[in-house]
Amino acid sequence: MTPPLSPPSLLPLLLVAFNICFSLAASNSVYESFVQCLKTRSNSSDNISDIVYSHSNATYETVLEQYIRNARFNTSSTPKPVIIITPLTESHVSAAVICSNNIGFQLRIRSGGHDFEGVSYVSDQPFFILDMFNLRSISINMADQSVWVQSGATLGELYYRIWEKSKVYGFPAGVCPTVGVGGHVSGAGYGNMVRKYGLSVDYVLDAKIVDVNGNILDRKAMGEDLFWAIRGGGGASFGVILAFNIKLVDVPETVTVFNLERTLEQNATDVVYKWQSVAPTTDDNLFMRMLVQPVTLNKQKTIKISIMALYLGDVNSVVPLLAEDFPELGLVTEDCFEMSWIESALWWASFGKGTSPTVLLDRESYHVKFMKRKSDYVKTPISKDGLQWLWKKMIELEEPGLVFNPYGGKMNEIKETETPFPHRAGNLFKIQYSINWKDMGIEADKRSRSLVNRLHSYMTSFVSKNPRSAYLNYRDLDIGITKNWSYQEGKVYGESYFNGNFERLVDVKTAVDPHNFFRNEQSIPPRTIKAWNEKNEGSIPPSTSKAWNKAKPYVMIILFMAIGHII
């Protein structure tokens with residue numbers, strides 16, 4: 001006979017059951033109310049029901065899962081949206097904001113789904129997803145080298161469309177082609193041209209956003225404060241980013257890439273130590289990312305480093321440059337590969353030689369896995385003794401790895417207050433902590449996250465302090481979350497991501513969204529809380545209350561059955 005479940009082990013099942021019952025009961029009435037609202041605020045010729053999905057829709061799960069990029073947030077216990085909206089026009093977005101607000105549901109905004117903590121498509125409160133993947137148009141004006149790109153476009157699509165028009169222009173953004181433009185750029189955005197050109201937001205000329213009242217605003221209409229905030233402060237705290245107008249940058253017809261590996265037995269410690277002083281100060285055309293990973297080779301545990309590089313020039317320039325600046329690396333001509341800029345985008349995305357650039361249009365090329373990421377900034381080089389101590393700790397942990405991304409160059413020339421992103425001059429490099437795993441379940445999740453958290457703790461003495469800074473686009477809820485949408489809660493993570501710029505972001509938020517409609521676990525809070533639940537002394541929105549009344553009988557049945565099972 002199967003023993004009854006204990007109350008602790010039954011709790012997750014009850015939560016799942018509640019979520020299912022609530023969702024099913026809520027979906028019908030909320031769906032009908034929401035669709036009716038959209039119809040009254042959209043073009044009458046629009047078939048609104050085709051862009052709104054509830055749990056009863058046969059393709060609901062397909063739409064939900066197609067842009068989940070972290071398997072941690074695609075389990076049976078993951079909270080699911082009551083409704084998913086997939087707008088086809090800007091007016092659909094405007095109407096969705098107004099109607100979600102009127103009905104009283106939280107709205108999560110997803111452009112590419114690469115948020116490491118899933119906050120663009122998961123919430124512990126009843127919520128809708130506004131999924132922007134249909135809004136992906138890219139309009140290039142080669143006369144002034146500018147581009148209007150909608151937030152649902154991917155970086156791969158952007159790079160491909162630029163390449164179609166020109167072989168000598170590019171854009172400084174990330175190396176993962178399936179990342180959505182909306183989230184990447186509004187969170188600052190960086191890539192392998194960061195030392196030459198700076199951040200993605202440093203080349204934003206204009207933007208279009210839907211505010212809390214459903215108004216569609218460009219730079220002139222939104223004002224310079226809001227325009228400043230959405231260029232690195234995270235657009236989802238202030239509205240819905242529809243599009244960015246960006247400026248292209250020059251790229252040479254020929255660029256050079258290389259990937260060199262070393263182990264501890266091959267002078268890796270000396271290479272890493274020297275890298276810290278060379279990578280942030282060498283020629284601005286050279287970006288050398290360094291991966292540090294514990295491995296087992298020939299039954300021997302060791303550390304392997306990999307230096308992946310992009311040089312905006314030919315091999316005959318980069319080899320002598322590093323022979324002088326970085327002789328410990330031992331770079332030779334045979335290590336290098338010359339190619340076009342678009343081919344380098346493929347190389348960085350791990351596509352094989354000869355792959356057609358059309359693969360950048362493939363939104364399904366991303367392999368979804370369980371993962372956790374964290375970040376740090378280093379301002380002073382780590383000593384050789386410090387590195388050797390770190391290697392021992394990483395070998396003990398076995399799994400988490402580090403990625404070092406050098407700054408310097410253009411990053412030193414831009415003031416920390418120019419955009420919300422403050423980590424400019426004085427930072428040698430940024431660290432990404434990385435762990436992936438295959439096993440599903442709570443225990444595997446806890447174990448893997450514990451390992452990467454321990455590595456993060458070991459690094460404390462080597463990284464920035466007061467605050468210990470972090471990068472918004474490497475979102476990490478361990479830094480802190482807001483449960484009551486308060487300024488004090490927001491300040492904990494806000495100062496890590498934005499340092500002194502947090503206060504200005506709070507002022508902008510207070511001005512444009514004082515009732516805090518646009519919110520998530522790490523959103524910018526208004527300075528004075530005027531959220532719906534506080535205005536109404538903690539009560540829940542009317543539509544949520546109605547949905548609960550419908551769901552209550554089903555939940556009570558399950559609770560009685562569960563109690564009987566325990567007894």
Side-chain angles (χ1 to χ4, degrees), residues 26 30 33-34 37-38 40-42 52 79 81-85 87 90-111 115 119-132 151 182-183 186 207-217 221-223 225-227 229-230 233-242 481-487 489-490 493-494 505-545 547:
V30 172
S33 299
F34 185 77
C37 179
L38 281 184
T40 63
R41 295 183 175 277
S42 300
V52 182
V82 177
I83 285 174
I84 305 170
I85 310 110
E90 293 180 349
S91 65
H92 288 160
V93 177
S94 177
V97 169
I98 294 171
C99 295
S100 299
N101 204 351
N102 287 349
I103 293 174
F105 274 78
Q106 191 177 147
L107 191 64
R108 294 297 169 101
I109 305 153
R110 182 166 70 173
S111 60
D115 187 295
V119 302
S120 63
Y121 53 87
V122 176
S123 174
D124 60 3
Q125 299 180 1
F127 69 107
F128 299 162
I129 289 178
L130 183 62
D131 209 331
M132 302 291 285
S151 62
S186 67
K208 296 179 74 174
I209 186 173
V210 174
D211 71 3
V212 69
N213 298 311
N215 300 312
I216 299 175
L217 309 173
M222 75 178 77
D225 283 339
L226 180 53
F227 182 65
I230 62 174
S237 288
F238 305 97
V240 182
I241 303 294
L242 295 173
I481 61 172
T482 176
K483 297 180 180 179
N484 300 307
W485 321 112
S486 73
Y487 165 80
E489 289 176 329
Y493 55 81
L505 288 168
V506 170
D507 289 339
V508 176
K509 173 71 171 183
T510 305
V512 303
D513 185 22
H515 301 313
N516 202 27
F517 173 68
F518 293 111
R519 63 188 187 272
N520 59 53
E521 288 79 1
Q522 287 191 337
S523 57
I524 301 297
R527 194 169 296 281
T528 302
I529 299 294
K530 294 182 181 179
W532 198 100
N533 60 344
E534 185 177 85
K535 289 191 299 175
N536 294 273
E537 298 181 350
S539 61
I540 61 177
S543 60
T544 309
S545 179

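Residues: numbered from 1 along the sequence shown.
Between the Asn484 side chain and the Ser486 main chain, no donor and acceptor come within less than 3.5 Å of each other. No donor-acceptor pair under 3.5 Å is formed between the side chain of Ser151 and the backbone N or O of Ser111. Under a 3.5 Å cut-off, the side chain of Tyr493 and the backbone N or O of Ile524 do not form any donor-acceptor pair. When atom types are taken as modelled, the side chain of Asn520 and the backbone of Val119 share no donor-acceptor pair closer than 3.5 angstrom.
A search for side chain to side chain donor-acceptor pair (under 3.5 Å) contacts involving Asp115 returns Arg475, not counting sequence neighbours. Judged as a side chain to side chain contact (heavy atoms under 4.5 Å, CB included), and not counting sequence neighbours, the contacts of Ala221 are Leu217, Asp218. Every residue two or more places apart in sequence or in another chain was checked for a side chain to side chain donor-acceptor pair (under 3.5 Å) with Ser94, and none qualifies. Partners of Thr510 by side chain to side chain contact (heavy atoms under 4.5 Å, CB included), not counting sequence neighbours, listed by chain and number: Val506, Pro526, Arg527. Under the ring-ring contact (aromatic ring centres under 6.0 Å, His included) criterion, Phe128 pairs with Phe34, Phe105, sequence neighbours left out. Partners of Ser123 by side chain to side chain contact (heavy atoms under 4.5 Å, CB included), not counting sequence neighbours, listed by chain and number: Gln106, Arg108, Gln125, Phe127. Remark: Asp225 engages Arg504, Val508 in a side chain to side chain contact (heavy atoms under 4.5 Å, CB included) (not counting sequence neighbours).
Between Met132 and Val240, the closest side-chain pair of non-hydrogen atoms falls below 4.5 Å. Here the side chains of Lys509 and Asn516 are in contact, with some heavy-atom distance below 4.5 Å. Side-chain contact between Arg41 and Ile98 is present, with at least one heavy-atom pair separated by less than 4.5 Å. By the 4.5 Å heavy-atom criterion applied to side chains, Leu107 and Phe517 are counted as neighbours.
Separating the CD atom in Glu521 from the CG atom in Asp124 is a distance of 6.0 Å, to the nearest 0.5 Å. The line from CD1 of Ile129 to CD1 of Ile85 is 8.5 Å long, rounded to the nearest 0.5 Å. Once rounded to the nearest 0.5 Å, the distance linking CD1 of Ile83 with CG of Leu38 reads 8.5 Å.
Here the shortest heavy-atom pairing between Ile109 and Ser120 reads O-CB, 3.2 Å. The two residues Gly233 and Leu505 have their closest heavy-atom pair at CA-CD2, 4.1 Å. Phe518 and Ala236 get closest at one heavy-atom pair: CB-O, 3.3 Å.
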